[in-house]
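Notes follow once the structure below has been shown.
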2 protein chains.
Amino acid sequence: MPTRRADSARPATTHDVARRAGVSQATVSLVLGGNPRARVSAQTRERVVRAAGELGYRPNLVARGLVQRKSYAIGVMVPDLSNPFFLDVVTGVQRVAAEAGYAVLPGDVREVSPQRHLEALRARQVDGVILDGFGALALHEGALSGMKVVLVDEPSERWPGVASDAVGAGRLAAEHLLGLGHTRLAFAGPASDVHGLRMRERGFVQALRQAGVALPSERLRRVPPTVSGGLAAMKSLLGLPPAQRPTACFCAVDLVAAGALKACLTAGVAVPGAMSIVGCDDVELARVLTPELTTVRVPARELGARAARLLIRQLDDEGGSAPRAGRPLPVKLVVRGTTGPV
Amino acid sequence: MPTRRADSARPATTHDVARRAGVSQATVSLVLGGNPRARVSAQTRERVVRAAGELGYRPNLVARGLVQRKSYAIGVMVPDLSNPFFLDVVTGVQRVAAEAGYAVLPGDVREVSPQRHLEALRARQVDGVILDGFGALALHEGALSGMKVVLVDEPSERWPGVASDAVGAGRLAAEHLLGLGHTRLAFAGPASDVHGLRMRERGFVQALRQAGVALPSERLRRVPPTVSGGLAAMKSLLGLPPAQRPTACFCAVDLVAAGALKACLTAGVAVPGAMSIVGCDDVELARVLTPELTTVRVPARELGARAARLLIRQLDDEGGSAPRAGRPLPVKLVVRGTTGPV
DNA sequence: CGTATTAGCTAATACGTATCATCATATGCC
DNA sequence: GGCATATGATGATACGTATTAGCTAATACG
């Protein structure tokens with residue numbers, strides 16, 4: 001009890017392996033460490049590998065990180081992980097990060113402020129950060145100084161980013177509804193200044209204007225990007241006098257569309273008979289609803305995957321110049337059950 | 001270009017602070033490091049704090065972790081983060097972990113095997129792991145050897161854990177449906193050997209048996225714990241000859257219930273008129289559906305929070321004995337729109 | 001006044017790995 | 001055989017922090 005022997009519960013280190021294999025710690029590091037092109041004879045290599053196996057050696061990434069000044073971890077921050085869209089983005093990041101040997105520290109911002117979260121990530125020496133859904137708000141802070149950053153759906157001069165064709169998304173929704181003969185249209189979108197969402201609205205409005213269709217402000221609803229936000233928006237739209245009441249509504253976020261649909265169904269308004277609804281994102285929920293939601297698919301996973309590739313390339317190229325963003329990812333209209341002719 | 005001066009972009013270290021404050025590195029560590037009860041004069045403390053502020057010093061958690069043999073990070077593994085229930089569990093963990101100064105590395109298992117993920121967590125020197133929804137499968141592996149572990153909804157002799165009253169959940173669902181006069185009942189649940197879900201089934205079956213109501217195997221459906229699983233299950237139940245067709249169904253997972261509901265609605269089967277449906281979990285989705293889902297609320301966040309507290313107490317008590325699990329968390333029937341009399 | 005105690009600070013070391021300069025040995029070539 | 005070179009392994013050092021033993025100066029005590 002008082003004396004504590006060499007604790008076998010303590011994980012084996014390169015020193016332990018070296019001792020057992022009869023070589024130096026440096027040699028062990030060369031054999032088991034990163035670069036496989038180290039000059040080590042096949043014989044000693046074999047001895048080291050065997051000893052490592054026998055001791056159950058696992059490299060300590062913390063120690064490695066300290067000396068290499070690299071943690072092989074990246075952070076990703078989104079506004080709300082409970083929105084499946086953002087979860088998909090993170091999943092996309094995770095997939096390519098895992099392949100490249102990077103861990104991902106996902107950050108929701110519901111619980112803790114972006115600034116604090118960024119500080120935590122920095123303290124843990126993440127090699128870079130992917131930011132999705134933050135307006136100029138968080139970006140102008142010096143909180144990002146000295147960090148490698150990739151933005152999602154947020155154009156910037158300072159940092160590279162990836163984006164989806166948000167304007168196109170709004171446009172597609174508008175054209176679809178116009179094509180069905182709707183002229184009294186409504187829009188429900190988040191009040192936030194998230195750039196991507198603003199662009200969806202802009203695309204929608206632009207297409208309407210080009211078609212000579214008006215979007216009066218009483219049919220514009222700015223609500224939180226949640227189901228209850230959509231619920232409130234549609235309730236209020238349904239309360240308009242018949243002459244102003246829309247026959248179709250574009251919701252810039254699927255969750256909002258889900259709320260809008262629910263408002264209609266509980267109010268006895270037939271969908272798509274009396275009200276057509278178009279969402280945007282194409283989250284899994286869209287196919288769970290009845291009727292299934294017509295929406296614009298935004299390739300969330302691909303968005304995340306590209307962001308991760310962009311960041312990791314930047315990291316592996318050892319301070320190489322930040323690569324420029326590619327073209328916006330195309331979006332696609334997916335017609336399902338919530339839209340129909342007037 | 002060739003010569004590289006002291007790079008001011010490199011974050012300040014305790015040495016830098018020490019130099020600027022005119023004290024030793026050790027003193028800086030005493031002032032800024034963990035324990036605030038270090039004996040340092042107010043004067044030097046002030047000098048150090050100011051110097052740190054001027055240099056924008058941030059402690060390097062990697063280095064600290066190396067010497068303290070503690071990373072202040074915990075891992076949490078769930079089967080599927082896209083299931084909001086598990087996301088809620090993780091959120092609960094995150095909340096209390098953040099308070100205690102721990103970071104959380106959430107792990108989905110859809111992309112990478114549990115074993116690989118555990119290895120990654122171990123390599124990053126996490127201080128402990130919270131495991132949810134893994135059967136005996138992953139547990140009997142030696143992959144957990146030497147790790148501090150807390151289980152969620154999975155009883156074990158070896159590791160402490162927290163649990164919800166899964167048997168009670170099944171029971172509540174049964175009693176509710178029996179109370180409405182249903183006697184031809186069905187069950188749809190995951191085929192997996194996840195213990196918590198099995199117990200939900202057991203509670204349901206037990207309560208039926210006590211009421212003298214049979215649950216013949218043709219009204220038992222084992223499907224993946226997803227929406228499409230529920231869809232398939234209900235489709236197949238609706239295909240039964242009228243004499244065998246159930247008038248109500250308990251789905252052990254809300255997602256399955258959502259699929260079941262959709263199957264009914266698209267088949268023109270009135271809910272709750274011709275079919276009552278009870279889910280389990282009470283995820284947000286339950287209130288998005290129309291009609292809203294009657295379900296049994298399982299306190300996911302609280303489950304995660306307790307698991308985190310259990311783990312962190314274990315960690316802070318410096319190898320203290322693993323605390324025993326408390327009582328199962330109570331569950332609660334939430335009657336909404338998918339159940340009604342026969 | 002001499003000694004014991006304490007407060008306040010520092011030098012040295014450790015954590016586990018990567019990496020570089022160095023050294024010993026083997027091989028090539030004329 | 002003698003020299004240049006390539007190969008294979010090692011010792012030493014660094015990464016940024018925590019921590020302990022120990023040192024100095026000041027204070028307490030008899």
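Order of the sequence lines sets the chain letters (A, B, ...), proteins ahead of strands, with each chain counted from 1.
Within the structure, salt bridge (Lys or Arg N to Asp or Glu O under 4.0 Å) contacts touching residues 84-98 of chain B (residues at least two apart or in different chains) are Glu111(A)-Arg95(B), Asp88(B)-Arg301(B).
Of the side-chain N and O atoms in Ser41(B), one or more sit less than 4.0 angstrom from OP1 or OP2 of dC9(C). Considering only side-chain N and O atoms, Tyr57(B) lies under 4.0 angstrom from the phosphate OP1 or OP2 of dT17(D). Phosphate proximity of dG8(D) to Arg39(A): absent, as no side-chain N or O sits under 4.0 Å from OP1 or OP2. Here Arg10(B) does not reach the OP1 or OP2 of dC15(D): none of its side-chain N or O atoms lies under 4.0 Å away.
For the pair Lys70(A) and Asp316(A), the salt-bridge criterion is met [side-chain N within less than 4.0 Å of a carboxylate O]. Ionic pairing of Arg309(B) and Glu302(B) is present here: one or more N-O contacts between side-chain nitrogen and carboxylate oxygen are shorter than 4.0 angstrom.
Atom C1' of nucleotide dC15(C) and atom CG of Leu66(B) are separated by 4 Å, given to the nearest angstrom. Rounded to whole Å, atom P of dT19(C) lies 11 Å from atom NZ of Lys70(A). dT19(D) atom P lies 5 Å from atom CD of Gln68(B), rounded to whole Å. One interatomic measurement links the two molecules: CZ of Arg69(A) to P of dT19(C), which rounds to 12 Å at whole-angstrom precision. Distance, Leu61(A) CG to dA18(C) C1': 13 Å, rounded to whole Å. Atom CG in Leu32(B) sits about 9 Å away from atom P in dT17(D), given to the nearest Å. Atom CZ of Arg45(B) is separated from atom P of dA7(C) by 14 Å (rounded to the nearest Å). Rounded to whole Å, atom P of dG8(D) lies 16 Å from atom CD of Glu46(A).
Residues Thr91(B) and Asp108(A) bring no donor and acceptor atom of their side chains to less than 3.5 Å of each other.
Projected onto DNA chain C by closest heavy-atom contact, Pro59(A) and Ala42(B) fall at different nucleotides, the more 5' of which corresponds to Ala42(B). Between Thr44(B) and Val67(B), the residue whose closest nucleotide on DNA chain C is further toward the 5' end is Thr44(B).
Partner of Ile74(A) under the side-chain contact (heavy atoms from CB on, under 4.5 Å) criterion, out of Val150(A), Leu121(A), Val93(A): Val93(A) alone.
Taking CG of Leu30(B) as the start and CD of Gln25(B) as the end, the distance is 9.0 Å to the nearest 0.5 Å.
Distance from the side chain of Arg64(B) is smallest for dA18(D) among the nucleotides dC15(D), dA18(C), dA18(D).
Heavy atoms from other residues, nucleotides or ligands lying under 6.0 Å from CZ of Arg110(B) number more than 12.
Near DNA chain D, defined here as any heavy-atom distance below 4.0 Å, the residues from residues 13-25 of chain B are Thr13(B), Thr14(B), His15(B), Gln25(B), listed numerically.
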Kindly determine whether Asp153(A) and Ser164(A) satisfy side chain to side chain donor-acceptor pair (under 3.5 Å), including the steps that lead there.
CA-CA 6 Å; Asp153(A) 272 335; Ser164(A) 56; 3.2 Å; yes
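Although no hydrogens or angles enter the test, the distance criterion places a donor-acceptor pair under 3.5 Å between the side chain of Asp16(A) and the main chain of Thr13(A). Checked by atom type and distance alone, the side chain of Ser71(B) pairs as donor or acceptor with a backbone atom of Gln125(B) at under 3.5 Å.
The overall bend of the helix from dC1(C)-dG30(D) to dC30(C)-dG1(D), read as the angle between its terminal helix axes built from five base pairs each, is 40° when rounded to 10 degrees.
Thr27(B) comes within 4.0 angstrom of a base, heavy atoms only.
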